[in-house]
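Structure first, commentary second.
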There are 2 protein chains.
Amino acid sequence: MTAKEVQAIPVPTLRRLPSYLRFLKKVQAQGRDVVSCTHIADALGLDPTQVRKDLAVTGIVGKPRVGYHLPALVEAVETLLGWNNTTDALLVGAGSLGTALMGYEGFREYGLNIVAAFDVDPEKVGAEIHGRPVLHVDQLANLASRLHAHIGIITTPAAEAQRAADLMVAGGVRGIWNFAPADLEVPDEVILESVQLPASLAVLSTRLAAALREDEQGEKSDGSQ
Amino acid sequence: MTAKEVQAIPVPTLRRLPSYLRFLKKVQAQGRDVVSCTHIADALGLDPTQVRKDLAVTGIVGKPRVGYHLPALVEAVETLLGWNNTTDALLVGAGSLGTALMGYEGFREYGLNIVAAFDVDPEKVGAEIHGRPVLHVDQLANLASRLHAHIGIITTPAAEAQRAADLMVAGGVRGIWNFAPADLEVPDEVILESVQLPASLAVLSTRLAAALREDEQGEKSDGSQ
DNA sequence: TAGATTGTTAATCGATTAACAATC
DNA sequence: TAGATTGTTAATCGATTAACAATC
């Protein structure tokens, strides 16, 4: 039933595509018309075979000895990511992070258009942030279904994140981009993608601690100091 | 030479630890003293065996039939992540995202202490953000080495991110937490952890597009409408 | 004691990397 | 043509999941 025949693109590949796209556009801006996997791999510190496999998901074929035609490749990656169509999004949590995201011009490049923000704070409700209205969360479900907004962005404190997600689901939102440090529950038909800052920081702090420990070890066995 | 004998903890495990920690603290706050892997796995939607393996990296052993002693486990996870010591960090790019991060109280829980921000904008330099000074980037390398700040946070526009990273490295920063959508080059001895919003959005938009396509398919084969 | 849960070893799965024929 | 680069198949690697003995 759930037609998976299209066979899903691996998540690691999807996560690398924006990086490729950035680089491809940069090369294109330099006036070049083709690019090879080796060139891309060198620039991004990846394995050339991996780049080739990743790019294969776009359906674009390269020319041996030459490489890939840049305009076609850029277009294909953008299409695959859906970044050449605009998707409307609603944001819950008009705090400093929410405000920062609403002010980020770069999202236009990713086809993301935040049309309104929601909050519970009476001080914020009724105001505008970067030209978009701040409404009360009570209006969220209603407006989401009225606007057919497909994406919801959560920038609330962790404690309010689940409630925000529930309201979004009630409003028919199909994809949630969560920035709150919380493990949310959503129905199967809703896509949840979380930007887990603590997870990222965990990798950094643990590796950093290990590196600093190694420094000390080195100093000791050096006999210096 | 580069003593890897300690055998590094897998990145996926590291990324899950903060999630465990959050849940463990929650259970502890409910007055419980022990917790089983099944309980954790159920709550977080994970495999119990995976939870057991992940927790094994802390060195804490559980009691069959009972589970893990919460205070010991919480303590061990925090120690492993290094979150019970404070690390000083410098932030470059005092824009809205930088400001948001500086105002985020939750970082204290992760042992992260942002002591100063840096920018090139004369309007910002000299001001204070959430009680911390905003200095000119020219002072970055100098201050970093003087304060022995180990972590640098990049919240500049993509075009300035590499320069910020270079200054941090020059100042002796050993770990960089990058929020700019850019592929940075740093020396081997510097840990780079990037929060790639475009990568995260790529996963969300591609999956969402696939789900919406499926909806249409379903409607068509339904014959409804 | 009986049985739930741990810790660990083995099997599976999927992604990365290597090898190599095809081709421009 | 010669040889660089693609596309693809096979080998490797690492993480997840399953199986199961040990234990409280």
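Bear in mind that the values here come from a model prediction, so they are computed numbers and not experimental data. Every heavy atom of this structure was used, including side-chain atoms; hydrogens, water molecules and symmetry mates were not. In what follows, every chain begins at residue 1, and chains take the letters A, B, ... in the order their sequences are listed.
Taking a pair to require two hydrogen-bonding distances under 3.5 Å in either a Watson-Crick or a G-U wobble arrangement, C:dG14 pairs with D:dC13. Nucleotide D:dT5 forms a Watson-Crick or G-U wobble pair with C:dA22, both donor-acceptor distances falling under 3.5 Å.
The distance from atom CD of B:Gln50 to atom P of D:dA19 is 17 Å, rounded to the nearest whole Å. What separates OH of B:Tyr68 from C1' of C:dT5 is a distance of 9 Å, to the nearest Å. Summarising the geometry, the separation between CG on B:Leu55 and P on C:dT8 is reported as 13 Å, rounded to the nearest angstrom. Look at CD1 on B:Ile9: it is 14 Å from P on D:dT16, rounded to the nearest Å. Following rounding to the nearest Å, A:Arg65 (CZ) and D:dA2 (P) show an atom-to-atom distance of 13 Å. Whole-Å rounding puts the B:Arg52 CZ to D:dT23 P distance at 16 Å. The nearest whole Å value for the distance from the CG atom in A:Leu14 to the P atom in C:dT16 is 11 Å. Taking atom CG on A:Asp54 and atom P on D:dT6, their separation rounds to 14 Å, with Å as the unit.
The nearest heavy atom of DNA chain C to A:Pro10 and to A:Pro64 marks one nucleotide each, and the one closer to the 5' end goes with A:Pro10. Comparing B:Lys63 and A:Ala56 along DNA chain D, the residue whose closest nucleotide (by nearest heavy atom) sits nearer the 5' end is A:Ala56.
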task = Give the intermediate values and the outcome of side chain to side chain donor-acceptor pair (under 3.5 Å) for residues A:Asp166 and A:Gln162.
result = CA-CA 6 Å; A:Asp166 294 345; A:Gln162 184 62 58; 2.9 Å; yes
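A ring-centre distance under 6.0 Å is found for A:Phe107 and A:Tyr104.
In this model, a side-chain donor or acceptor of B:Lys53 finds a partner on the base of D:dT17 within 3.5 Å.
Across D:dG3, C:dT5, D:dT5, the shortest atom-to-atom separation from the side chain of A:Ser36 is found for D:dT5.
Taking the six-membered ring where the residue is Trp, A:Trp83 and A:Tyr110 present tilted rings, their angle falling between 30° and 60°.
For B:Arg16 and D:dT16, the shortest distance from a side-chain N or O to OP1 or OP2 is below 4.0 Å.
In this structure, the side chain of A:Ser200 does not engage the main chain of A:Gln196 through any donor-acceptor pair within 3.5 Å.
Electrostatic pairing of B:Lys25 and B:Glu78 counts as a salt bridge here, judged by a charged N lying under 4.0 Å from a carboxylate O.
Nucleic acid contact class of B:Thr49 (heavy atoms, under 4.0 Å, all strands): base.
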